[in-house]
Structures are given as structure tokens and as C-alpha cells.
Amino acid sequence: MDYQLDAYPVDDDRGGIRSREKIKILVCVLLRDLGASVDRAVMQSALYESGVANYFEVSQAIDGLARKSALDVTEVGDRTFIALTDTGLRVAEVLEGDVSRYIRAKAADALRKALG
């Protein structure tokens, strides 16, 4: 599948994912592999700080996935948690290969570190 290069990079030196659709796929894959909900801010920061995706592009991807019912969003106090739905699980299972193994591994490592 061809993806538009419509996402802003992390910065000019670090690059990262340049497709909004691939960022959405990556979020679904990470949540599937984690098997639990995660603090939205932690997800955004982990992907940004690792150079995988622009912080604001991750935020828009999460919003888009929630609108399409691929994510459940739950507010707990001042924190927002995101969890994969069955729709999001299908996205991860069908499209996982559209995001490079290197990027998936780099993002998963960053998220694990961010979660402690």
C-alpha cells in the first residue's frame, strides 16, 4: 500500500515516520503488543523522544483512532488512558507489516522504557 508523506517529521535530523496512517498503525501495534491501556501522554512522549514520530502527529493519530472507534479513551483524574478496541486490534493485525520492523522495535523499546 502506498502512504502519503503527510506527517511532519520529528525534526530534520532525526526523521521518523512521515505518514499519518503509519503513525496510527504503529499506535495500534504498540497497544496490542503491550496488552494494556497506556497513558496518552506517555505514548506521545515516548514516540517523540525516540525520534519515531512528531508529538503533535501522534496526538492527531490518537484522536483519529478514537473517532474511528479503534481506541477507547478513558479519563482518570488529570490523566487520559488509551486502550485498543477490537477494531484497533484488526488494524494492528492486518497492517502491522506496513511499518518497518526497525521502527516498531524502536518505538516498543521507547514505550517500555517510558513505562518504567
Practice prompt. Look up atom CD1 in Ile62 and atom SG in Cys28, then write down how far apart they are to the nearest 0.5 Å.
Written response: 10.0 Å

Worksheet item: Who passes side chain to side chain contact (heavy atoms under 4.5 Å, CB included) against Arg90, sequence neighbours left out?
Response: Asp86, Thr87

Worksheet item: When rounded to the nearest 0.5 angstrom, what is the spacing between CD in Glu49 and CD in Gln44?
Response: 11.5 Å

Practice prompt. Given side-chain contact (heavy atoms from CB on, under 4.5 Å), test Phe81 with Val76 step by step and report yes or no.
Written response: CA-CA 7 Å; Phe81 290 88; Val76 179; 3.9 Å; yes

Item to complete: Identify the two heavy atoms, one from Ile23 and one from Ala61, that lie closest to each other, and give their separation to 0.1 Å.
Response: CG2-CB, 3.6 Å

Practice prompt. Locate the shortest heavy-atom distance separating Leu26 from Ala107; write the atom from each residue and the value.
Written response: CD2-CB, 3.9 Å

Item to complete: Using the rule that two of Ile, Leu, Val, Met, Phe, Trp, Tyr join whenever any of their side-chain heavy atoms come within less than 4.5 Å, decide whether Ile25 and Leu34 are in one cluster.
Response: yes

Worksheet item: When you look at Leu47 and Leu111, which way does the side-chain contact (heavy atoms from CB on, under 4.5 Å) test go after all the steps?
Response: CA-CA 7 Å; Leu47 296 183; Leu111 184 56; 6.0 Å; no

Fill in: CG on Leu71 to CE on Met43, rounded to 0.5 Å
8.0 Å

Worksheet item: Rounded to the nearest 0.5 Å, how far apart are CG of Leu95 and CD of Glu93?
Response: 10.5 Å

Fill in: Nearest heavy atoms of Thr80 and Glu75, plus distance in Å
OG1-OE1, 2.9 Å

Discussion item. Please find the pair of heavy atoms, one from Ala53 and one from Val58, that lie closest to each other, and give the distance.
Written reply: CB-CG2, 3.6 Å

Worksheet item: Can you list the residues that meet the salt bridge (charged side-chain N to carboxylate O under 4.0 Å, His left out) rule with Lys113, with sequence neighbours excluded?
Response: Asp109

Discussion item. So does Val99 get a backbone contact from the side chain of Arg104, meaning a donor-acceptor N/O pair under 3.5 Å?
Written reply: yes

Item to complete: Scan Thr74, Asp63, Val27 and name whichever one has a side-chain contact (heavy atoms from CB on, under 4.5 Å) with Arg40.
Response: Asp63

Response to the item:
NZ of Lys24 to CD1 of Ile17, rounded to nearest 0.5 Å, is 13.0 Å

Fill in: Val73 to Ala66 - nearest heavy-atom pair and separation
CG2-CB, 3.7 Å

Item to complete: Report yes or no: does Thr85 contribute a side-chain atom to a donor-acceptor pair with the main-chain N or O of Ser69 at less than 3.5 Å?
Response: yes

Worksheet item: So which heavy atom on Tyr48 is nearest to which on Tyr55, and how close?
Response: CD1-N, 3.7 Å

